[in-house]
2 protein chains.
Amino acid sequence: MAKTKKQQVFEAAAELFMEKGYMAASMRELADRVGLIQASSLYNHLKSKEEVLRKICFDNAEKFLIGIGEVEASDTSPTEKLKALIRLHIRIAIDDPTSVTVFNDEWRHLSEHYLQDFLAKRKDYEQRFKAIIETGISQGAFKAVDPNIALYTILTSVRWIHYWYKPARNISLEKLESDLFTLLIQGLEN
Amino acid sequence: MAKTKKQQVFEAAAELFMEKGYMAASMRELADRVGLIQASSLYNHLKSKEEVLRKICFDNAEKFLIGIGEVEASDTSPTEKLKALIRLHIRIAIDDPTSVTVFNDEWRHLSEHYLQDFLAKRKDYEQRFKAIIETGISQGAFKAVDPNIALYTILTSVRWIHYWYKPARNISLEKLESDLFTLLIQGLEN
DNA sequence: GTCTATAACTTGATAGAC
DNA sequence: GTCTATCAAGTTATAGAC
C-alpha cells in the first residue's frame, strides 16, 4: 500500500517536531519537507498544527496504556511484569522512535483541555507502574528502595534509546534488552 | 547581598524557559514575571534572549566538566568514580534544578556557532564518562554490558530528579543517593 | 534605567480562483 | 487538492524621550 498524502504529511511533521521542537517547527518548513506543496495546502490534510501533535501524543499514550493493561492481566511475578514493561518501552521506542520522542518531549504544548487529559493518562500510567514495583517490594522480591525513585529511574532510563540505538549498529535488540534487564532489574532485585 | 536586577531577570528567565520551553517563552511574558518592567527595558540587563540561554547552557556544561575532571584526578576505583559521578549529577540537579533542566532540554535552540561548541563539550563529557565505565569493565569490576547502554542509562536516569525531588518531601538526600547507587551501580557491578 | 512607539519579520490559518 | 494572496496576531529588538 502506498502512503496517502495525509500519512506523508503527518510523518514529516513528526520528524520536524522531533528535530526542531514543536514550537520551532513552522508550517512553511513542514511544506518544504513534504515537498512540492505550499504551507496553505497542508490544511487539506490536517485541521491545525496542534492536531498533529495531539495525534502523536494520544496515540502513544494509548500504546503504553494498552501495554500495561496486558502486563497487569498476565499472571506472573513482579519481576516478570517489570521485565515485560521494560520490553514494552523498548518495543515502542524502536517501533517508531520519532513518534515516541515527540510524545516524550512536546506534550506540554498541547492546549489546556488536551493537556489535562494527557496528564491524567500519564499519571494513571505512572501509578500503575509504581503499583507493580510496590508489590515486588512488599513481597520481598525487590529491595526496599523508594518506589518513586525506582519508578522514575526506570521510566527515564529508556528515553535515550531513540537517540542512540540504530538496528544497523552492531548491537542486537536481544543484547539491548538483556543489558537493560541487567542494569535496571539486578539493582532492584533481592 | 541583595540580588541585582540582572540576576532577577536571569533567574526569572530560567524559570520561564523551564516551564514553557525557550521557544514558547516571550520577552513580554518574562517582563510580566519580573514585574513592574516592560519587555523593552529588559534589554538594559541582557543583550538578547539567546544570551540568557547561552549562559545557562555553558555554565552548567562547565559545572559538569569541572566535576568529571576532579573525579578523573582522584585515585580511586571505577566503582568509586562512578559513585562520585552520580553524586555530581544529583548535586548539580538539586543545587539549581531550574537551570539544569533548561540546560538539559533547551540547548538545541542555541544558534549554530554556540550549538557546535556545546555539542563538542557534551561529547567530551560523555566520552570521559564512558571511559570510566570501560575501565571498570576491563578490570572486571563491572559486568560486560555494552558501555554505551550503561552510559546513557545512567546519564538519563538522573534527569527526573528536578521534576520529582523536593527536599521538603519526606525523603532525604542521603536516601536519594543510596537508592540511586543501589539501582544504578548494583546492576553494573560483578 | 524605564518608558512609548515602532520597525522588521514570522507565525498559523483562511478566502477564493482554478 | 493546490495555488496565490492575505489577514491578524505575535515575535525580538531598537530608537529616542524622560
Side-chain angles (χ1 to χ4, degrees), chain A residues 1-58 102 105-115, chain B residues 1-58 102 105-115:
Chain A
M1 277 286 273
K3 281 176 196 166
T4 66
K5 191 126 200 183
K6 179 169 177 170
Q7 283 176 309
Q8 291 175 46
V9 169
F10 274 65
E11 283 178 24
E15 280 172 34
L16 188 60
F17 293 171
M18 177 179 74
E19 288 173 30
K20 318 216 9 171
Y22 177 76
M23 290 301 291
S26 77
M27 297 303 285
R28 285 163 181 81
E29 194 173 356
L30 174 56
D32 284 349
R33 211 172 259 238
V34 172
L36 301 171
I37 193 170
Q38 294 299 311
S40 58
S41 305
L42 293 172
Y43 288 86
N44 280 305
H45 307 286
L46 49 83
K47 281 196 273 296
S48 68
K49 185 183 171 187
E50 203 201 323
E51 186 208 11
V52 183
L53 179 63
R54 277 203 298 271
K55 179 161 170 52
I56 293 169
C57 290
F58 286 98
V102 174
D105 296 344
E106 307 299 330
W107 54 265
R108 66 171 151 181
H109 299 110
L110 291 168
S111 58
E112 205 176 79
H113 172 77
Y114 296 99
L115 182 59
Chain B
M1 278 286 272
K3 280 177 198 167
T4 67
K5 193 125 200 183
K6 178 168 178 172
Q7 282 177 310
Q8 290 174 46
V9 169
F10 274 66
E11 282 177 25
E15 279 172 35
L16 188 60
F17 294 170
M18 177 179 74
E19 287 173 30
K20 318 217 6 170
Y22 177 77
M23 289 300 292
S26 77
M27 298 303 284
R28 287 168 180 79
E29 196 172 355
L30 175 56
D32 285 349
R33 212 172 259 240
V34 172
L36 302 171
I37 194 169
Q38 294 299 311
S40 57
S41 305
L42 294 172
Y43 288 86
N44 280 304
H45 308 287
L46 48 83
K47 281 194 273 295
S48 68
K49 185 182 170 187
E50 204 202 322
E51 187 208 10
V52 184
L53 179 63
R54 276 203 299 268
K55 178 160 171 52
I56 294 168
C57 289
F58 287 98
V102 174
D105 296 344
E106 307 298 331
W107 54 265
R108 67 171 149 181
H109 298 110
L110 292 167
S111 57
E112 207 176 78
H113 171 77
Y114 296 99
L115 182 59

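None of the values given here were measured: they were computed from a predicted structure.
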Separation of C:dG12 C1' from A:L53 CG (nearest whole Å): 14 Å
How about A:R33 and A:E19: do any of their side-chain heavy atoms sit closer than 4.5 Å? yes
How many Å lie between CG on A:L42 and C1' on D:dC3, as a whole number? 12 Å
Here the distance between atom P of D:dT12 and atom NE2 of B:H109, to the nearest Å, is 13 Å
Please report the interatomic distance CD(A:E29) to CG(A:L16), rounded to the nearest 0.5 Å. 5.0 Å
In whole angstroms, the gap separating P of D:dG1 from CD of A:Q8 amounts to 13 Å
Nearest-0.5 Å distance, NZ of residue A:K55 to CG of residue A:L46: 12.5 Å
Within residues 45-52 of chain A, which residues have any heavy atom lying less than 4.0 Å from an atom of DNA chain C? A:S48, A:K49
Under 4.0 Å between any heavy atoms, over every strand shown, what does A:A31 touch: base, sugar-phosphate, or nothing? Just pick one. nothing
When you compare the protein's N or O atoms with those of nucleotides 7-10 of chain D, which come within less than 3.5 Å of each other, and at what distance?
none

Roughly how many Å is it from CE in A:M27 to P in C:dG12, rounded to a whole number? 7 Å
Non-hydrogen atoms of A:K3 and A:Q7 that approach each other most closely: CA-OE1, 3.4 Å
Would you compute the distance between atom CG of A:L110 and atom NE2 of A:H113 and round it to the nearest 0.5 angstrom? 10.5 Å
Which label fits B:F17 and B:Y22: parallel for a plane angle under 30°, tilted from 30 to 60°, or perpendicular past 60°? perpendicular
C:dC3 OP1/OP2 closer than 4.0 Å to side-chain N/O of B:S40: no
What residue among B:V34, B:V52, B:T4 forms side-chain contact (heavy atoms from CB on, under 4.5 Å) with B:F10? B:V52
What is the distance from NZ of B:K5 to C1' of C:dC3, rounded to the nearest Å? 13 Å
Heavy atoms within less than 4.0 Å of DNA chain D: which residues of residues 12-24 of chain A have one? Give them sorted by number. none
Measuring from B:S41:OG to B:L36:CG, what's the distance to the nearest 0.5 Å? 11.0 Å
What is the distance, rounded to the nearest whole Å, between atom OH of A:Y43 and atom P of C:dG16? 18 Å
Considering only heavy side-chain atoms of A:Q38, the closest of C:dT14, D:dT14, D:dT4 is D:dT4
Looking at CD of B:E51 and OH of B:Y43, how far apart are the two atoms once the value is rounded to the nearest 0.5 Å? 11.0 Å
Keeping the roles fixed (side chain from A:K20, backbone from A:S26), state whether a donor-acceptor pair exists under 3.5 Å. no
CD of B:Q8 to CD1 of B:I37: how many Å apart, nearest 0.5 Å? 9.0 Å
Separation of C:dT11 P from A:D32 CG (nearest whole Å): 11 Å
